[in-house]
Amino acid sequence: MLNIVGDGPLRSEIEAEVSALDLHDVVHFHGSLAHSDALALLDKAAIFILPSITSKSGDMEGIPVSLMEAMARSVPVISTRHSGIPELVEDGISGLLTPERDVPALAAAVERLIDQQQLRAEYGHAGRRKVVAQFNRRSLGMRLSDLYRALMPQAT
């Protein structure tokens with residue numbers, strides 16, 4: 001089962017493709033969900049896929065919280081080399097990264113994780129370790145505090 005969460009400008013196009021391929025029994029569109037409902041889906045997920053792209057206007061997201069949440073739940077992730085994502089997901093260590101807009105590479109990454117249960121488990125555990133160690137409140141707070149200290153003029 002493929003669960004698609006969220007809405008966007010391509011939703012109707014994707015729904016049309018699902019209809020054309022008669023995939024209604026394996027693809028489910030959830031639209032926007034309450035946070036608790038999205039987390040409940042994550043808890044059942046075998047793989048989390050977030051193929052972020054740079055918009056035509058140049059807008060980018062930083063490090064998506066949804067990726068952190070999936071990794072914190074030991075769900076293996078596939079994403080793109082986009083903005084701050086490689087800071088969170090180490091390709092081949094805590095997940096897989098593909099180039100933006102490279103559909104064949106994304107499909108190959110999905111097939112690789114579907115076919116390799118042990119690799120899914122390894123990436124899931126490595127992802128959780130990464131988030132717990134580097135993206136928790138305490139470590140992020142300390143990094144921010146250190147940054148502020150470095151920017152403040154030294155008292156004489």
Main-chain N/O of [Y] paired with [X] side-chain donor or acceptor, under 3.5 Å:
{"X": "Thr98", "Y": "Ala105", "value": "no"}
{"X": "Thr80", "Y": "Ser52", "value": "yes"}
{"X": "Ser74", "Y": "His125", "value": "no"}
{"X": "Arg143", "Y": "Gln134", "value": "yes"}
{"X": "Arg149", "Y": "Leu144", "value": "no"}
{"X": "Glu100", "Y": "Thr54", "value": "yes"}
{"X": "Arg128", "Y": "Met71", "value": "no"}

For Asp59, which residues count as a salt bridge (charged side-chain N to carboxylate O under 4.0 Å, His left out) partner, sequence neighbours excluded?
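If we apply the salt bridge (charged side-chain N to carboxylate O under 4.0 Å, His left out) test to Asp59, skipping adjacent residues, there are no hits.
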For residues [X] and [Y], determine if any side-chain heavy atom of one lies less than 4.5 Å from a side-chain heavy atom of the other.
{"X": "Arg101", "Y": "His82", "value": "no"}
{"X": "Leu113", "Y": "Leu96", "value": "yes"}
{"X": "His28", "Y": "Leu2", "value": "no"}

Sequence neighbours left out, what pairs pass side chain to side chain donor-acceptor pair (under 3.5 Å) with at least one residue falling in residues 111-121?
Gln118-Glu122
With sequence neighbours excluded, give me every side chain to side chain donor-acceptor pair (under 3.5 Å) pair touching residues 88-97.
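Output for this query lists Arg81-Asp91.
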If every non-hydrogen atom of [X] is compared with every non-hydrogen atom of [Y], which pair is closest and at what distance?
{"X": "Pro64", "Y": "Ile85", "answer": "CD-CG1, 3.5 Å"}
{"X": "Ile93", "Y": "Tyr123", "answer": "O-CD2, 3.4 Å"}
{"X": "Val131", "Y": "Ala72", "answer": "CG1-CB, 4.0 Å"}

State which residues pass side-chain contact (heavy atoms from CB on, under 4.5 Å) with Ser139; sequence neighbours excluded, sorted by chain then number.
Asn136
In the single-linkage hydrophobic clustering (I, L, V, M, F, W, Y; side-chain heavy atoms under 4.5 Å), do Leu119 and Val110 co-cluster?
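Result: yes, single cluster for both.
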Salt bridge (Lys or Arg N to Asp or Glu O under 4.0 Å) partners of residues 9-20, not counting sequence neighbours, each pair once
Asp7-Arg11, Arg11-Glu15
Going by side-chain heavy atoms closer than 4.5 Å, which hydrophobic residues are tied to Leu41, directly or by a chain of links?
Val5, Leu33
From CD1 (Ile49) to CG (Asn3), nearest 0.5 Å:
10.5 Å
Measure the spacing between CG of Leu88 and CG of Leu67 and express it to the nearest 0.5 Å.
6.0 Å
